[in-house]
Participant: 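Let me begin by handing over the structure; questions about it come next.
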Amino acid sequence: MPEVRVRFAPSPTGFLHIGGARTALFNWLFARHHGGKFVLRIEDTDTKRNTEEAMAAIYEGLEWLGLNWDEGPHVGGDFGPYLQSERTELYERYLKKLQDGSHIFEDQGALRFRSPREHVIVDDLVCGRIDFDLSNPATHPDMTIRRPDGSWIFHFVNVVDDLEMKISHVIRGEDHLSNTPKHIELIRALGATPPNYAHIPLILNRDGTKMSKRDAGARVEYYIQRGFLPAAVRNYLCLLGWSPKDDREKLDIGEIIRIFDVKNIGRSSATFDPDKLHWLNGEYARELSDENFYQLAVARLKSSGVKVDDYPEQYVRAALQTCKGKINTFDELPPYCGFYFTDDFGYDPQGAAKHFTAENRPRLKAVRDSLAALEKFDAAEVEAALKNTAAELGVKIRAIVHPVRLATTGSTVGPSLYHLLEVLGKEKVLARIDRALSTF
RNA sequence: GGCGCGUUCGUCUAGUGGUUAGGACACAGCCCUCUCAAGGCUGGUACACGGGUUCGACUCCCGUACGCGCUGCCA
């Protein structure tokens, strides 16, 4: 088998779409599995719609997902340049070839490719053998390859570049399946041999519509901002349209590369499920080393405006350690542990109504006194103190845990109470309980 | 409209003629438990429909319906 060369060829007209990222991912996996090359080519022929930000978003998104390219912008390669806007001479040359073969005619200033008007068989690695009948010009008009202003149309430059870059397998979205016979006609008119094709199913929205740029979750950037883990997003994307054929879902990327096969790509479109991604991200988050968790957590808190630098590192580490395993995505962290970094917080209204009651007031007071008497203020001692207090009062431990949690964190949910009290320290804990006691 | 592709729990999927149709997410309940998670257990919900072929169809064939894509001087 000749060298496997695949490419991802986005056009920088928006942000990196999650569907595009998945297409890039499948190409990358295919290249890595076969020890081939993954090429990145920017299709920026439509100058009016291209933006620098969009191009940056493509690079950033791919890098974030760990989809490194062997040839393309920044890294170069033997078949560059990798921006179509810099390849115009090449297109002129190929156009000349077509013109010499009388395949081109002019129409209102634009250049069109004259279809041979035959049946074209597309032998697709995913979709199978499909027979397209292009004989009717009414339903399959001759495609334009160049606009009157001289700019090139996608179909032409895409085909030319795939040929020039010696692309062996074209793995792209199924929305291109119907274009493929036309591309094959073009390739044959150029006297070349078509590459192998694999059209992968599209990713749909929850409502069954195609994921559009409108949807927040359609952008890779969204997952970066929300504090998702790239490995989790990448893993999830693999599961959309591809399956290891056993019941495994959380798969190491090395393992996926090892077993990836286009034969195991499904043929029907898949609906993107944010819940499942959220769950999978939690699985990855729980596996993070303490150090990695700490680094990511601190970065997240800082970007959210939490002044972690005002606290000793040991305190921050201890505080964050109580949160590990509790959150699925890092954007959940600031509201979850903000109480560690400010004394100025309100009480959850429903929680206050339920727990800051006349009945609980003496209980909270008893806890305060019990904690105040502790010499060693660690989780074990705190736990013992709370349990003793509960026993003395003749109530279940939960009867006092809730008011204490609310008083010290302002919330009804959070890290383990005993551990969080230890981290806060005796002084802060007593002050917070006193403050709470003054409110009801 | 024409052409193409598709259709298994709400969602992602396993399944390639004989299965109690499996797993996961989500959901519900229970257990564990200092809250919330995590973990454990349990539960409900699926082969779009109609014809064939066959001793036997989720699996094969045809049709219908529905969905999506293409039908651009977008990519």
Side-chain angles (χ1 to χ4, degrees), chain A residues 9-14 20 43-46 48-50 107-112 122 124 126-128 130-134 136 138-141 143-155 157-158 172-182 199 201-204 206 208-210 236 239-250 264 266-280 282-283 286 323-328 332 336 351 355 379 382-383 386-387 390 396-402 404-406 409 411-421:
Chain A
S11 110
T13 55
E43 307 219 326
D44 57 347
T45 55
D46 192 356
K48 289 179 286 273
R49 299 175 54 204
N50 299 146
D107 176 20
Q108 309 213 60
L111 263 30
R112 287 179 183 272
V122 175
D124 193 276
V126 172
C127 303
I130 305 162
D131 183 343
F132 289 90
D133 179 4
L134 305 190
N136 186 354
T139 54
H140 297 276
M143 65 177 160
T144 305
I145 65 165
R146 189 178 202 176
R147 302 186 188 85
D149 69 1
S151 60
W152 304 96
I153 300 295
F154 155 78
H155 301 289
V157 293
N158 182 272
R172 65 204 338 182
E174 203 192 81
D175 47 342
H176 285 300
L177 185 57
S178 299
N179 291 327
T180 304
K182 292 185 275 188
H199 287 90
L202 266 20
I203 298 179
L204 269 29
R206 283 272 232 201
T209 59
K210 190 177 166 183
Y236 178 70
L239 262 20
L240 248 29
W242 171 84
S243 163
K245 300 293 178 186
D246 50 35
D247 290 336
R248 289 179 296 171
E249 301 209 287
K250 183 169 177 297
N264 291 345
R267 299 181 62 171
S268 52
S269 47
T271 303
F272 191 88
D273 184 357
D275 284 338
K276 188 146 185 176
L277 205 206
H278 186 255
W279 163 77
L280 192 56
E283 293 288 303
R286 269 166 234 118
C323 304
K324 194 177 171 225
K326 301 284 217 163
I327 56 159
N328 281 14
E332 294 164 18
Y336 190 79
H355 303 299
V382 166
E383 178 172 0
L386 288 187
K387 283 188 169 156
K396 295 262 196 197
I397 184 76
R398 49 187 305 152
I400 60 175
V401 158
H402 286 289
V404 174
R405 173 182 298 283
L406 189 62
T409 72
S411 174
T412 56
V413 302
S416 160
L417 182 65
Y418 311 138
H419 294 86
L420 109 226
L421 292 181

Participant: Among residues at least two apart in sequence or on other chains, which ones pass side-chain contact (heavy atoms from CB on, under 4.5 Å) with A/R147?
Facilitator: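 Here the qualifying residues are A/D46, A/D149, A/S151, A/I153.
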Participant: If you round to the nearest 0.5 Å, how far is CD1 of A/I203 from OG1 of A/T271?
Facilitator: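 The OG1 atom of A/T271 sits 10.0 Å away from the CD1 atom of A/I203.
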Participant: Taking any heavy-atom pair under 4.0 Å as a contact, classify A/E332: base, sugar-phosphate, or nothing.
Facilitator: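 Result for A/E332 = nothing.
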Participant: Enumerate all atom pairs, one protein N or O and one N or O from nucleotides 18-20 of chain B, separated by less than 3.5 Å.
Facilitator:
none

Participant: Excluding sequence neighbours, so at least two apart, what forms ring-ring contact (aromatic ring centres under 6.0 Å, His included) with A/H419?
Facilitator: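 Once residues adjacent in sequence are excluded, A/H419 has no partner under the ring-ring contact (aromatic ring centres under 6.0 Å, His included) criterion.
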Participant: What interatomic distance, in whole Å, is found between P of B/rC62 and the corresponding atom of B/rU19?
Facilitator: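 It comes out at 25 Å once rounded to the nearest Å.
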Participant: How would nucleotides 57-62 of chain B be written as a contact map, 5' to 3', with B for base contact, S for sugar-phosphate-only contact and - for no contact, using protein heavy atoms under 4.0 Å?
Facilitator: ------
Participant: Have a look at A/E43 and say if it touches a base, only the backbone sugar-phosphate, or nothing, with a 4.0 Å heavy-atom cut-off.
Facilitator: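 It contacts sugar-phosphate atoms only.
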Participant: For B/rG52 and B/rA14, measure between their C1' atoms and round to the nearest Å.
Facilitator: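 Approximately 28 Å lies between the C1' atom of B/rG52 and that of B/rA14.
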Participant: Kindly give the atom pairs (protein nitrogen or oxygen, nucleotide nitrogen or oxygen) under 3.5 Å for nucleotides 70-73 of chain B.
Facilitator:
| unit_1 | atom_1 | unit_2 | atom_2 | d |
| --- | --- | --- | --- | --- |
| B/rU71 | O2' | A/T139 | O | 3.3 |
| B/rC73 | OP2 | A/R112 | NH1 | 3.4 |
| B/rC73 | OP2 | A/R112 | NH2 | 3.2 |
| B/rC73 | OP2 | A/T144 | OG1 | 2.9 |

Participant: When the C1' atoms of B/rC3 and B/rA21 are compared, how many Å lie between them, rounded to an integer?
Facilitator: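 It works out to 35 Å between them.
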Participant: Could you write nucleotides 43-49 of chain B as a row of B, S and -, 5' to 3', where a protein heavy atom under 4.0 Å of any base atom gives B, of only sugar-phosphate atoms gives S, and otherwise -?
Facilitator: -------
Participant: Quick one: pull up OG1 in A/T144 and CH2 in A/W152 and give me the separation to the nearest 0.5 Å.
Facilitator: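 CH2 of A/W152 is found 12.5 Å from OG1 of A/T144.
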Participant: With rounding to the closest Å, how many angstrom separate the C1' atoms on B/rG63 and B/rG22?
Facilitator: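 To the nearest whole Å, 31 Å.
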Participant: Polar-atom pairs under 3.5 Å, protein N or O versus N or O of nucleotides 6-10 of chain B: list them with distances, or write none.
Facilitator:
| unit_1 | atom_1 | unit_2 | atom_2 | d |
| --- | --- | --- | --- | --- |
| B/rG6 | OP1 | A/R267 | NE | 2.8 |
| B/rG6 | OP1 | A/R267 | NH1 | 3.1 |
| B/rG6 | OP1 | A/R267 | NH2 | 2.1 |

Participant: Side chains of A/H199 and A/T180: any donor to acceptor distance under 3.5 Å?
Facilitator: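 Checked: A/T180/A/H199 side chains pair up, N/O donor to acceptor below 3.5 Å.
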Participant: Could I get the full list of ring-ring contact (aromatic ring centres under 6.0 Å, His included) partners for A/H140, not counting sequence neighbours?
Facilitator: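 With sequence neighbours excluded, A/H140 shows a ring-ring contact (aromatic ring centres under 6.0 Å, His included) to no residue whatsoever.
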Participant: Is the phosphate of B/rU13 approached by A/K245 (side-chain N or O, under 4.0 Å from OP1 or OP2)?
Facilitator: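 False: A/K245 side-chain N/O out of range (4.0 Å or more) of B/rU13 OP1/OP2.
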Participant: Do A/H278 and A/Y236 make the cut of ring centroids closer than 6.0 angstrom?
Facilitator: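 For A/H278 and A/Y236, the ring centres are not under 6.0 Å apart.
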Participant: Under a 3.5 Å cut-off for both contacts, is B/rU19 paired Watson-Crick or G-U wobble with anything, and if yes, with which nucleotide?
Facilitator: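 Pairing partner, where one exists within any strand: none, as none qualifies.
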Participant: With both distances under 3.5 Å as the test, what is the Watson-Crick or G-U wobble partner of B/rA46?
Facilitator: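 Pairing partner, where one exists within any strand: none, as none qualifies.
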Participant: Distance check, C1' atoms only: B/rC66 and B/rU20, in whole angstrom units.
Facilitator: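 After rounding to an integer number of Å, I get 31 Å for this pair.
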Participant: Do A/V122 and A/F132 make a side-chain contact, defined as non-hydrogen atoms from C-beta onward lying under 4.5 Å apart?
Facilitator: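 They are in contact (side-chain heavy atoms under 4.5 Å apart), so the answer is yes.
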Participant: Tell me if a side-chain donor or acceptor on A/E283 pairs with a main-chain N or O of A/W279 at a distance below 3.5 Å.
Facilitator: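 Looks like no, no N/O pair under 3.5 Å.
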Participant: Rounding to an integer number of angstrom, what distance separates B/rG72 and B/rU13 when you compare their C1' atoms?
Facilitator: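 Going atom to atom, C1' in each nucleotide, I get 36 Å.
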Participant: Could you let me know what B/rG1 is paired to, Watson-Crick or G-U wobble, both distances under 3.5 Å, or none if it's on its own?
Facilitator: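 Its partner is B/rU71 (Watson-Crick or G-U wobble, both distances under 3.5 Å).
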Participant: Does B/rG39 pair with anything, Watson-Crick or G-U wobble, both distances under 3.5 Å, and if so, with which nucleotide?
Facilitator: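 Across any shown strand, B/rG39 pairs with B/rC31.
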Participant: So for atom CZ, which belongs to A/R398, do other residues, nucleotides or ligands contribute more than 12 heavy atoms lying within a distance under 6.0 Å?
Facilitator: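 Atom CZ in A/R398 is not packed in, count stays at 12 or less.
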Participant: Do A/S243 and A/N264 come within less than 4.5 Å of each other through their side chains, counting heavy atoms only?
Facilitator: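 No, every pair of side-chain atoms sits at 4.5 Å or beyond.
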Participant: Under 3.5 Å for both donor-acceptor distances, Watson-Crick or wobble: does B/rA24 have a partner, and if so which one?
Facilitator: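 Partner of B/rA24: B/rU11.
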Participant: Expressed in whole Å, how much space separates the C1' atoms belonging to B/rC32 and B/rG39?
Facilitator: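 Result for the C1' pair: 8 Å, nearest Å.
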Participant: With nearest nucleotide decided by heavy atoms, which residue, A/N328 or A/N264, maps closer to the 5′ end of RNA chain B?
Facilitator: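 The 5'-side residue here is A/N264.
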Participant: May I have the distance from A/W279 (atom CH2) to B/rG39 (atom C1'), rounded to whole angstrom?
Facilitator: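 Spelled out: CH2 on A/W279 to C1' on B/rG39 is 14 Å.
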Participant: Base, sugar-phosphate alone, or nothing: which one does A/T45 contact when heavy atoms must sit under 4.0 Å apart?
Facilitator: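 Result for A/T45 = sugar-phosphate.
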Participant: When you compare the side chain of A/I145 with that of A/H155, does any pair of heavy atoms fall below 4.5 Å?
Facilitator: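 No - every pair of side-chain heavy atoms lies 4.5 Å or more apart.
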Participant: Using only heavy-atom distances, decide whether a donor-acceptor pair under 3.5 angstrom links the side-chain of A/K276 to the base of B/rA24.
Facilitator: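 Between B/rA24 and A/K276, which were checked side chain against base, a qualifying N/O pair under 3.5 Å is present.
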Participant: Between A/R405 and A/V401 (side chain of the first, backbone of the second, donor and acceptor by atom type, cut-off under 3.5 Å), is there such a pair?
Facilitator: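 The answer is no, because no donor-acceptor pair under 3.5 Å joins these two groups.
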Participant: Quote, to the nearest angstrom, the P distance that separates B/rU11 from B/rC68.
Facilitator: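 It works out to 14 Å between them.
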Participant: Going by heavy atoms in the side chains, are A/E249 and A/K276 under 4.5 Å from each other?
Facilitator: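 Yes, at least one pair of side-chain atoms sits under 4.5 Å.
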Participant: Nearest to the side chain of A/L202, which nucleotide is it out of B/rC68, B/rG4, B/rC25?
Facilitator: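 Looking only at heavy atoms from C-beta outward on A/L202, the closest nucleotide is B/rC68.
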Participant: With sequence neighbours left out, what residues match A/N136 under side-chain contact (heavy atoms from CB on, under 4.5 Å)?
Facilitator: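 Partners of A/N136 under the side-chain contact (heavy atoms from CB on, under 4.5 Å) test: A/A138, A/T139.
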Participant: Would you check if A/C127 and A/L177 make a side-chain contact, meaning some heavy-atom pair closer than 4.5 Å?
Facilitator: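 They are in contact (side-chain heavy atoms under 4.5 Å apart), so the answer is yes.
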Participant: What residues, two or more places apart in sequence or in another chain, satisfy side-chain contact (heavy atoms from CB on, under 4.5 Å) together with A/P141?
Facilitator: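 Here no residue qualifies.
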Participant: Just wondering, do A/T409 and A/L417 contact through their side chains at under 4.5 Å, heavy atoms?
Facilitator: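 Heavy-atom side-chain distance check fails, nothing below 4.5 Å.
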Participant: Would you check if A/S411 and A/Y336 make a side-chain contact, meaning some heavy-atom pair closer than 4.5 Å?
Facilitator: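 A side-chain contact is absent here, since even the closest heavy-atom pair is not under 4.5 Å.
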Participant: Quick check: on RNA chain B, is the nucleotide nearest A/G241 upstream (toward 5') of the one nearest A/L177, or the reverse? Name the residue that is more 5'.
Facilitator: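 Result of the comparison: A/L177.
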Participant: Using whole Å, what does the distance between atom P of nucleotide B/rU13 and atom CG of A/L277 come to?
Facilitator: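 About 14 Å, once rounded to whole Å.
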Participant: Does the side chain of A/P201 come within less than 4.5 Å of A/S268's, by heavy atoms?
Facilitator: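 The answer is no, as the side chains (C-beta and beyond) never meet within the 4.5 Å cut-off.
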Participant: Under a 3.5 Å limit for both distances, which nucleotide forms a Watson-Crick or G-U wobble pair with B/rG6, could you say?
Facilitator: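 WC or wobble partner is B/rC66.
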Participant: Determine the contact category for A/R248: base if any of its heavy atoms lies under 4.0 Å from a base atom, sugar-phosphate if only primed atoms, P, OP1 or OP2 are that close, otherwise nothing.
Facilitator: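 The answer is nothing, as A/R248 stays clear of every strand by at least 4.0 Å.
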Participant: State which residues pass salt bridge (Lys or Arg N to Asp or Glu O under 4.0 Å) with A/E43; sequence neighbours excluded, sorted by chain then number.
Facilitator: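 A/E43: salt bridge (Lys or Arg N to Asp or Glu O under 4.0 Å) contacts with A/R41.
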Participant: Polar atom pairs between nucleotides 28-35 of chain B and protein, under 3.5 Å, N or O only, would you list them?
Facilitator:
| unit_1 | atom_1 | unit_2 | atom_2 | d |
| --- | --- | --- | --- | --- |
| B/rC34 | O4' | A/Y418 | OH | 3.4 |
| B/rC34 | O2 | A/R405 | NH2 | 3.3 |
| B/rC34 | O2 | A/L417 | N | 3.1 |
| B/rC34 | N3 | A/S416 | OG | 3.0 |
| B/rC34 | N3 | A/L417 | N | 3.4 |
| B/rC34 | N4 | A/S416 | OG | 2.7 |
| B/rU35 | O2' | A/T412 | O | 2.8 |
| B/rU35 | N1 | A/R405 | NH2 | 3.3 |
| B/rU35 | O2 | A/G414 | N | 2.8 |
| B/rU35 | O2 | A/G414 | O | 3.1 |
| B/rU35 | N3 | A/R405 | NH2 | 3.2 |
| B/rU35 | N3 | A/G414 | O | 2.6 |
| B/rU35 | O4 | A/K326 | NZ | 3.2 |
| B/rU35 | O4 | A/S416 | N | 3.3 |

